[in-house]
Each structure stands twice: as C-alpha cells, then as structure tokens.
Amino acid sequence: YFAVMMKARQYDRRFLSRGLQPHIYAIEESNGLTKWSDMRGQVEAEQMSLEDQFVNLADELIDTFWDAKNYGSLLQVEPGNYDGLLAYMQQLLDEGCNNLFLSGWLQEVAERMPKLVRQAKLLRQKYWVCITNPPYMGAGNMNRKLSDFVKKNYADYKSDMFSACMVRFTQMTEEKGFLGFLSPYVWMFISSYEKLRELFIQQKTIQTLIQFEYSAFEEATVPICTFVLCNHYINKKGVYFRLTDYKGGMEVQRKKMLEALVTHDKTVYFESSVDNFAKIPGSPVAYWVSKNILGDFIKGLKIGSCCQVKIGMGTGKNDIFIRNWWEVNNNLIDFTINNCKELEMSKKKFFPYNKGGDYRKWFGNQRFVLWFDKDGRKRMNETPGHRENGGYNFYFHKGITWTFISSSNFGVRYIPSGFLFDVAGSTLFCDDNKLMYVLGFLSSTTADYLIKILNPTLNFQAGNLKSLPLISKDEVIQQASEICRESIALSKADWNSLETSWDFQYYPLVKKRMSDLMNYMPGESKSITLEECYLDFKAACNNRFVALQNNEQKLNQIFINLYGLQNELTPEVADKDITVHKVFDRKKDVPESMVGSNYVLTKEDVMKSLLSYAVGCLFG
C-alpha cells in the first residue's frame, strides 16, 4: 500500500489529499473453517430450515479460498448473492441461535466471511484495463497443489504460470477493454504456447508489441517483451518494435523505440496483421517477415513430410552410461553397427553416442560412447527418468544432427552410420538421394533465417525443423549435394587432426616428416625442420578454411536465389562462423573478423599440441 501510494505521489504531489483509496488486498484463505453444510449433522431438526442457497454459497467460498495464497489471482469465483449471504448470516446472529454448534460456527465465520466475500467480488469484477507483470514459473517448479490446479483449470496454458495468468486476466477484462503485459517472449514462438497464440490471434487483437534484446531487462533472467491486447478481435494491423539487435540495457532500448516511433525505421518498426501469422506453421508471432517468406512457407514442402526428425533418448543417469571414448578400452567399443539387429549380435559393451556439443558444422563432435549392450539396456530401463522418445528404430542410421541449445547460429552436421543419439543430439533421417541436399539447405543462411522465424530462442527444437519449407529444383540438387560432400570431407579432415578424434592417426606435423622420409633414396640425407612442418600445416589448415568458406557461400547463394531472398540475405559467411581451424603465428595477428571463434590456433597452440602428442607417444 505504501509503495503504491508513494509511486502515485511521484506523478501527482497532491495525490494524498485527493481522498483516493487504492484497492490493495492480500489474499485471504479459508483454511481452518468448517463448511456450513457439515454443521447440519450436528444441528437439531428445528434448525434444518436454513436457506440452501446461502449454505451452498458459503461452502463454495470456503472451498474456493482454501489454500488461496497458493493460487492468487488464478482463482475463478462463481457468481452469487454475496450481499444476501452476509445479511442472512447477520440476521441469524442478531436473532440468536439455540444450537451451540451453529452459534459458535456463526461467530467464527462472521469475522472471516466478509473478507472472503470482498475478494470474491473483486475476482468476479470486470475491469476496463488490466496491467501486470505476471509471475514467471515453469510447470516443473510449481508445487504439487499449484501444478494440479493449473492443469485442471488452465490445461491449454499450463507450461508456465505467466501464460495461465495472462489468460485469467483476459477473463477479468471487459470485452472491449485493454490488457498490458510484460512477459517472457517465448510465448510468441515455442510450440508449448501455441494455444495461447491462437487465443491472442483469433480472439484478441495485438495493438502494440515491443520485443526487447535478449538480456536488456536486468531485473529478469529471461528474454522479455511487452505488449497491449484489445480484449476482442479487430481486423487491423498491429504495431511492433523489434529491438533485438540493440544491446546496452533498457535505456538504449527506450531511445531506439522512441526514435523508431518517429522515423518508422523499417529494421525496427513493423505493422503486421495477425492473419499472416497463421500462414507459418505453429503461428509464431513473426511480425517482421516479408511476403516472400510467407510465400516460401506456403509453397515449400515441410521437411517433416519427407524426412523423419527424431528426438533422442534420455538415459536417466548420464554418469552411469556415458563415457568419453578415450576413457574406455578400445576393444570394448563397436564402431561398426548399422542397425539394431546388428546390435543384438555385437559382443562389445559401448557404442558411439551423439550428444550435440559445441557449435560445429558439417562433421565432428564425435567423442562419446554409451554403455548399451544387453546389460546396459537392462540397467537403463530400470533407471528413473530413462526415456526412448520414439527414436529406437533409427538408432545407428546415418543422418543429420544439430545441437539442441546454442547461443550461436543454427549449425548441422552429417552423422555417419553407427551412432546412438540423445535429446541434445536429436537427428534427422531421410533417403540417401535427399540427405545431402537437405544437409545443404539446413547449412545455409536461408535455413538459419527461417528457423529463427519459427523460434528465435536459444533452443532449436525438432518441431522447428519439421516445419521448415523445403524447395528444390532438379538443376541445383546435384550441385548442392556435391558441395556438401566436399564440405564434409574438409570438416572431417580438420576433426581427425585432433587427438580427441577416435580416427586420429598421428599429428599432422609428424605425418609430413614421415612421408618425406619414406620418399628418400637409400643413403640420401636431408633434414626437415620443424618450421617447414609448421608452415605446411598452417597452409593446409588455412587452405581448408578458405575452401569451406567458399563452399558455404556458394550454398548460400543457391538457396537465397531459390527462396527469393535476395533483398533480405547475402551469401557472405563471416570468418568467425567457419568451423574448421585457421592458424596464425601470434595472437596479435588474429583479425577482428575471427574474434570470438573457437577455431583459432596460434603457433604456440600448435607446438603445445605437438608436445602433448609426443608425451602420449612416450607413454605408449
């Protein structure tokens, strides 16, 4: 109460003298009260003439507000003659009651019932304006009672407390009233909030919406948006501000929004009809998309209709079942399995396991094995939390995988046959004649752009991939597929040059030395310096880097042309987004274009790696 009064005085210095009384209430609970109907068994026959409507209404209030602090404004109150109830109870008190049980009950309830009636009226009341920052609490963090309550009363909106609250406030608002929210913006895109989007798009009207930069609002640990709803449908365009590219906190966001409000900057200010959202699978609130993009989603074939996209298993206890491959005796690992029938015949204990990993494209992140022989599967089935997720029949098949959570771009990799996979390494499967072309599309800036329309959060979900539109023409399928095969080979060579690859043979600097020595004639003597080996290695890495960058830019151009996105995308790929190593002599030689890349090596790094390899050889 004090905080609200002081906030009001901040805007109006005379507020305290205006006689205005803000209606601020803490939730009252009915815990401890006996229901009126339960008293009847203890009341004499002559007291049985109590009016049923008031008995039932009192009991409903006691039921509704039991544990009410747990549910707060989510509570929905049935209509009733609340004033009549209080008057009737007061009448009974005034007239007196011969029954001690009823008299004692009336005395107790008479003190608490007016408070319950008052908040029932408030919760039944309709408002012209509701403004709130609803509580953020995922379903997994709710206590059991609250979770059951939300599932029962807000079944379509149970993913998070904030979504249930937003629906509740639409019920508390007049049909032509307005609602203002500050909320996480996941409801705009993620599949678990699709019913909420349908409600807002089909039955309400988004008047204005501001989507903030991911970490702009310091008080919240989640990316947020703020928006205004009209509480009924109007066929009109809403106004949207996209501030996702402007870092520096809320003050930067505020200034950019006010500037765009005046200039209508087309990179920030958008006007869009909600009818367009329904043209994209899942109806994401993708207010910034062009007519070309909408056309691509209409004419393209959904990837989910021609490919199988599977979520991997959950072991239930990773530290029991998963190992780095170098932690296991090589004789216990089977790298040759192609399907589950061969699994049954294998004598080995561990099998390659795809778990996602760092941002990397084309090939790699292959370093885990899974205990999955007969004993391992039996133990896993007995482990709480284990789940298969429907991918069993696709285990060990070749496919395309991606990392489920990424703070970078969307990056996919080719996975050869022989792998099991988990949730973080979910995998797409399709016919061999399509696999390389689909890989090329998913590796392009076009796919990255489209998937961030479906879901611009950090989670790349299987459902998002299924909804991507695949457009193909015979004249580009062969070309794109060849580029993909070459790109896989380049990335594989880079991956296998690291000791963390199970296909690592010897360090590249040593390989050069051995190769040259084998070509010398008997008696011929020639020295090969470490510097020469280093320069050869540096040239090989940097040539590979340039070749892969050129390949990716060719693919980007192919799909930009195919999807008609020449005005929205360019084929260039930044140096820091190429995921094979590039070598520099010194740290200060690393250009600005490579800052932030995990694939920078210096001469010092190369020499340390050589020493590590030498020590490994010495120890056998």
Side-chain angles (χ1 to χ4, degrees), residues 185-191 193-194 197-198 200-202 206 209-211 225 236-245 260 264-307 309 402 409-412 428 437-438 440-473 476 480 552-553 555-573:
Y185 68 54
V186 289
W187 71 266
M188 298 167 61
F189 308 105
I190 293 182
S191 60
Y193 298 95
E194 189 168 346
R197 289 195 294 278
E198 289 178 4
F200 288 171
I201 291 170
Q202 298 173 11
I206 300 175
L209 183 146
I210 304 172
Q211 184 180 353
C225 66
K236 60 174 287 189
K237 290 183 177 180
V239 176
Y240 301 82
F241 296 87
R242 195 170 193 227
L243 305 178
T244 53
D245 294 332
H264 288 195
D265 180 346
K266 291 184 179 180
T267 64
V268 178
Y269 178 95
F270 300 87
E271 294 184 13
S272 181
S273 170
V274 294
D275 295 336
N276 287 332
F277 304 154
K279 296 175 183 177
I280 303 174
S283 301
V285 184
Y287 52 85
W288 65 91
V289 301
S290 66
K291 290 181 180 179
N292 283 342
I293 292 290
L294 294 174
D296 289 334
F297 276 103
I298 292 171
K299 69 183 179 183
L301 180 69
K302 283 186 183 179
I303 280 185
S305 66
C306 59
C307 303
V309 183
W402 70 97
N409 298 327
F410 177 60
V412 296
L428 177 150
Y437 183 72
V438 173
F441 166 62
L442 293 177
S443 300
S444 70
T445 52
T446 297
D448 183 72
Y449 185 66
L450 294 176
I451 201 167
K452 286 176 180 174
I453 289 173
L454 296 170
N455 181 6
T457 69
L458 299 182
N459 296 341
F460 298 122
Q461 300 177 332
N464 303 140
L465 259 72
K466 290 180 182 180
S467 298
L468 286 174
L470 184 65
I471 299 175
S472 58
K473 289 184 178 179
V476 299
E552 292 191 13
Q553 290 178 167
L555 278 174
N556 287 342
Q557 191 64 66
I558 288 171
F559 288 102
I560 286 172
N561 293 341
L562 202 55
Y563 284 73
L565 301 179
Q566 293 89 342
N567 295 330
E568 298 173 60
L569 297 174
T570 61
E572 286 73 29
V573 182

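Heads up: numbering here begins at 1 and tracks the sequence. Scope of the values below: all heavy atoms of this structure, side chains included, with no hydrogens, waters or symmetry mates.
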For [X] against [Y], the heavy-atom pair lying closest together:
X	Y	value
V412	S443	CG2-OG, 3.3 Å
S444	N556	CA-OD1, 3.3 Å
L465	L428	CD2-CD1, 4.3 Å
F277	S272	CE2-OG, 3.7 Å
A462	W402	CA-CZ2, 4.0 Å
R197	I190	NH1-O, 2.8 Å

Look up atom [atom1] in [X] and atom [atom2] in [Y], then write down how far apart they are to the nearest 0.5 Å.
X	Y	atom1	atom2	answer
Q557	Q566	CD	CD	7.5 Å
S283	N276	OG	CG	11.0 Å
T446	D296	OG1	CG	8.5 Å
T244	I210	OG1	CD1	13.0 Å
K473	L562	NZ	CG	6.0 Å
D275	K237	CG	NZ	11.0 Å

Run the ring-ring contact (aromatic ring centres under 6.0 Å, His included) test on F441 and Y563 for me, step by step, so that the C-alpha distance in whole Å, both residues' side-chain angles and the decisive distance to 0.1 Å come before the verdict. CA-CA 11 Å; F441 166 62; Y563 284 73; 5.3 Å; yes
Validation row: [X], [Y] side chains within 4.5 angstrom (heavy atoms):
X	Y	answer
T445	L565	no
L470	V438	yes
V274	F200	no
L442	L468	yes
K466	I303	no
Q211	F270	no

Compute whether any side-chain donor of one residue and acceptor of the other, for S290 and N292, lie under 3.5 angstrom apart.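 On atom types as modelled, these side chains do not qualify, holding no pair under 3.5 Å.
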Is the side chain of N455 donor-acceptor paired with the backbone N or O of F189 at a distance under 3.5 Å, no angle test? no
Could you check whether any side-chain N or O of Q553 sits under 3.5 Å from a backbone N or O of V573, counting only pairs where one atom can act as donor and the other as acceptor?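 Side chain of Q553 to backbone of V573: a pair is present.
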Report the C-alpha distance between Y240 and V285 in whole Å, list the side-chain angles of each, state the deciding distance to 0.1 Å, and finish with yes or no for side-chain contact (heavy atoms from CB on, under 4.5 Å). CA-CA 10 Å; Y240 301 82; V285 184; 4.2 Å; yes
Quick one, V268 with R242, criterion side-chain contact (heavy atoms from CB on, under 4.5 Å). Give me CA distance, side-chain angles, the key distance, then yes/no. CA-CA 5 Å; V268 178; R242 195 170 193 227; 5.5 Å; no
Quick one: are the ring centres of F559 and Y449 less than 6.0 Å apart?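 No.
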All ring-ring contact (aromatic ring centres under 6.0 Å, His included) counterparts of Y185, not counting sequence neighbours: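 Testing Y185 for ring-ring contact (aromatic ring centres under 6.0 Å, His included), a comparison that skips the adjacent residues, returns none.
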Partners meeting side chain to side chain contact (heavy atoms under 4.5 Å, CB included) with K291 (sequence neighbours left out): none
Residues in side chain to side chain contact (heavy atoms under 4.5 Å, CB included) with S467, at least two apart?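 If we apply the side chain to side chain contact (heavy atoms under 4.5 Å, CB included) test to S467, skipping adjacent residues, the hits are P281, L454.
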